[in-house]
Amino acid sequence: MASPSWMNAEWNLNIFRMECLPIKTCEELDAWCPDDQLDGRVCSVPIVKRKEKPKGTPKTLLCHDMCGGYLTDKFVQGADDPSPYRFFHWQNIDSFIYFSHYFVTIPPVSWINAAHKHGVKVFGTFITEWDDGKVRCHKVIETEESFKRAANKLVEITKYYQFDGWLINIENVVEKDKVENLCQFVGYLTSQLHQAIPGSEVIWYDSVLNTGELKWQNELNSKNCMFFDACDGIFLNYNWKDETLHNSLKLAREKGRDMDVYVGIDVFGRGCLGGGGFNTVEALSAIRRFNMSAAIFAQGWVWETQGKDKFHENENRFWSLLDCLLPSHEITSLPLSTSFCQGFGKKYSLRGEVISEGPWYNLSLQDTQPTCTNSQFLRHQMQFQPHIDLCTDDPFMGGACLELGARLSIDGQPLLFRLFDTDIKLPEGDLIVSYTFKMSETTTCDVFLQLEVKESSGSNAVWILREEEITHTPQNMTVFTPTGEVSKEIPSATVAATNGWVTRYFKIKTKAGLVLKSISFGLQSSSSLDRQTVKIGHLQIIPKRDLQSLDTNNSIEQVKFEDCKTEGCRVTWQCPLESAVSYYNVYSTTEENKTLLGQCKISCFYTDAKHKGNLSIEPVFYSVIQGKAVCA
């Protein structure tokens with residue numbers, strides 16, 4: 001098969017900067033076909049299964065509309081972006097829409113990879129608006145044959161790129177005699193998508209009525225429920241009030257679908273209760289009073305209006321204000337291995353060694369993010385407020401590490417930094433647990449890892465993993481220290497890494513019926529009142545059975561170069577350890593030096609033709625313990 005026909009000239013001129021692009025016309029949609037080659041635009045991360053919330057728990061949908069879409073996030077192999085937008089509060093949302101005003105918005109693969117790693121569904125957008133959109137809309141719904149053809153293409157696209165559904169946004173008048181075709185298009189797309197992709201969804205935006213009139217209702221009612229009935233949910237417009245929420249909830253409950261109405265919130269505040277921005281909490285509070293689901297629109301407001309240099313601080317502020325209204329999702333499976341990288345950085349590091357200086361951005365490299373935030377410390381009234389911050393100046397892996405900081409109690413009382421809420425059934429057998437940390441020359445405290453475990457009896461136990469024994473152990477606390485038992489797996493239980501990073505390894509024998517409920521780091525000191533900071537570079541909890549005793553050196557085979565039609569070349573390879581690879585680093589090598597060109601999630605990389613023949617490809621494994629690769 002030929003490459004998809006919608007690849008335009010922009011793609012060809014940037015072949016070695018492979019891009020994700022939208023479909024702009026009906027003709028391009030009709031002509032779309034999957035590529036018959038390995039394609040870096042295809043998601044390579046299966047969606048992580050989340051624990052189901054109790055019935056009646058409202059859902060949260062995030063609709064990402066920012067600067068027209070397809071910014072530097074469109075580059076499959078990343079970009080040199082010093083101030084990129086990224087999202088890292090995945091624990092607070094259920095689904096993510098990538099929105100733009102193009103006809104068919106295909107989510108960039110980096111967003112799909114990052115969302116799926118955290119168990120979040122990703123939807124594309126099918127939109128028609130204004131005069132041009134009206135023409136396209138009527139081409140699609142002209143006949144049963146035409147709307148089924150379009151729907152089938154959308155299903156193919158969803159399957160090929162491995163995302164999870166669509167937002168349907170028709171913002172133009174529809175001829176009255178074509179309204180039924182429009183509704184059938186939505187219903188047919190929904191049914192076909194469900195058959196092709198279990199768990200997929202189609203969401204209708206509150207716009208066109210059963211008469212074909214374009215009139216936003218700000219509620220679910222008899223004029224728009226025919227579209228709601230045909231799909232998985234409705235995204236209400238933003239100008240609602242208590243009365244319209246009541247009406248929507250009443251009708252949805254009659255249909256047994258009260259959680260499928262997503263009440264819209266515009267973070268830019270256009271006609272929305274509270275005016276948006278940092279006051280978005282007012283609108284969300286009103287929605288939650290009715291126990292209804294919410295659709296947060298254009299959360300990029302923080303990045304667009306509040307200063308890119310203060311983005312991380314302001315983004316945490318924005319989501320902390322909503323935190324109590326957003327049910328959090330726990331981590332539910334092992335192995336867990338994270339460096340806390342958000343998919344960007346000022347430099348790129350590999351196990352403590354700086355490999356490349358300069359800014360980079362690639363959300364496909366985003367690692368598992370903490371489910372807990374600084375809001376856990378709001379109850380503390382301390383002169384030096386404890387904090388969990390992202391540190392991009394000294395990453396251990398990727399572009400960032402975590403920095404834990406606080407002024408500790410001189411009486412030796414430890415301070416806990418809760419990072420993850422979990423609900424993980426621990427396998428019977430051996431667990432390998434490790435954490436990597438770094439202290440400054442002035443740091444005098446000890447760092448330890450605390451695992452809260454629920455036993456089959458229902459009682460809770462606390463496991464402390466630290467370097468040295470403590471003199472007093474509370475009744476429900478088990479202290480693990482590196483022992484000779486660990487050294488059977490790791491030659492040294494405490495391994496010094498590059499540039500001051502230290503890794504501690506532990507092996508824990510587990511019994512049946514244990515459930516891991518939380519993961520925290522602790523700082524403890526009995527001799528200093530000074531503010532203490534510790535950097536956490538890596539954390540992993542891995543069942544020993546998942547270790548593969550395979551050589552992680554010489555693991556790339558059958559490297560092939562293929563000239564592209566215009567410029568650049570396509571490089572492919574095979575890796576016997578593919579199931580254990582997180583991503584690949586691609587280098588240009590000479591006798592004098594080795595330069596990082598970029599990273600990719602699959603065994604395919606596009607580059608300038610000048611690098612042909614002098615590339616080296618090195619897998620970055622999900623985790624490695626003394627030459628043993630760990631399957632993700």
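The figures here come from the full heavy-atom set of this structure, side chains too, leaving out hydrogens, waters and symmetry mates. Computed from a prediction, not measured in an experiment: that's the story for all the values here.
With a 4.5 Å cut-off on side-chain heavy atoms, Ile197 and Lys159 count as touching. Side-chain contact check for Phe278 versus Leu321: some heavy-atom pair is nearer than 4.5 Å. Side-chain contact between Phe99 and Leu167 is present, with at least one heavy-atom pair separated by less than 4.5 Å. Residues Trp463 and Val433 form no side-chain contact, since every pair of their non-hydrogen atoms from C-beta on lies 4.5 Å or further apart. Counting heavy atoms from C-beta on, the side chains of Leu404 and Ile388 come closer than 4.5 Å. Between Asp323 and Asn92 there is a side-chain heavy-atom pair separated by less than 4.5 Å. Contact annotation: the side chain of Ile157 approaches that of Trp166 to within less than 4.5 Å [non-hydrogen atoms, C-beta and beyond]. The side-chain heavy atoms of Phe123 and Asp164, taken from C-beta on, include a pair separated by under 4.5 Å.
A donor-acceptor pair shorter than 3.5 Å can be found between the side chains of Ser100 and Thr105. For the 3.5 Å distance criterion, the side chains of Ser110 and Ser364 fail to qualify, holding no donor opposite an acceptor.
In terms of modelled atom types and a separation under 3.5 Å, the side chain of Arg50 and the main chain of His118 share a donor-acceptor contact. A donor-acceptor pair under 3.5 Å links the side-chain atoms of Asp232 to the main chain of Val202, judged by distance alone. The main-chain N or O of Thr332 is never found under 3.5 Å from a side-chain atom of Lys49 such that the two would form a donor-acceptor pair. Judged by distance alone, the side chain of Arg86 and the main-chain N or O of Pro84 form a donor-acceptor pair under 3.5 Å. Side chain of Thr392 to main chain of Lys346: no donor-acceptor pair is present (N/O by atom type, distance under 3.5 Å, no hydrogens or angles). Panel note: side chain Thr338, backbone Phe340; a donor-acceptor pair is recorded below 3.5 Å. In this structure, Asn291 contributes its side chain and Gly56 its backbone to a donor-acceptor pair below 3.5 Å.
Aromatic ring centres of Tyr435 and Phe521 lie closer together than 6.0 Å. Proximity of the aromatic rings of His538 and Trp501 is defined here by a centroid distance below 6.0 angstrom, and this criterion is not met. Ring centers of Trp360 and Tyr348: under 6.0 Å apart, within the cut-off. Ring centroids of Phe163 and Trp111 are separated by 6.0 Å or more, keeping the two rings apart. Taking the ring centroids of Phe87 and Trp319, they lie under the 6.0 Å cut-off. For Tyr98 and Tyr70, the ring centers sit closer than 6.0 Å to each other.
Applying the side-chain contact (heavy atoms from CB on, under 4.5 Å) test between Pro58 and each of Met292, Lys53, Arg288 identifies Arg288 as the sole match. Screening Val534, Asp389, Leu419 for a side-chain contact (heavy atoms from CB on, under 4.5 Å) with Leu402, the sole residue that qualifies is Leu419. Of the listed residues (His329, His116, Gln369, Gln366), just one forms a side-chain hydrogen bond (donor to acceptor under 3.5 Å, both in side chains) with Trp90, and that residue is Gln366.
Salt bridge annotation for Glu452-Lys517: absent, with no cationic side-chain nitrogen under 4.0 angstrom from a carboxylate oxygen. Arg504 has a carboxylate O that lies under 4.0 Å from a charged side-chain N of Asp446, or vice versa, which qualifies the two as a salt bridge. Note on Asp260 versus Lys59: salt bridge recorded, some NZ/NE/NH1/NH2 to OD/OE distance being below 4.0 Å.
Using cut-offs of 30° and 60° on the angle between ring planes, the pair Trp301 and Phe318 is tilted.
Pairing each heavy atom of Leu451 with each of Leu516, the nearest pair is CB-CD1, 3.7 Å.
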Would you sort out whether Asn316 and His89 count as a side-chain hydrogen bond (donor to acceptor under 3.5 Å, both in side chains), showing the intermediate values? CA-CA 9 Å; Asn316 279 331; His89 291 271; 3.1 Å; yes

If you apply the rule side-chain hydrogen bond (donor to acceptor under 3.5 Å, both in side chains), what do you find for Asp39 with Tyr160, and how did you get there? CA-CA 10 Å; Asp39 190 341; Tyr160 179 71; 2.7 Å; yes

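For the pair Arg270 and Tyr238, the cation does not sit on the ring face, since its NZ or CZ is not both under 6.0 Å from the ring centre and inside 45° of the axis.
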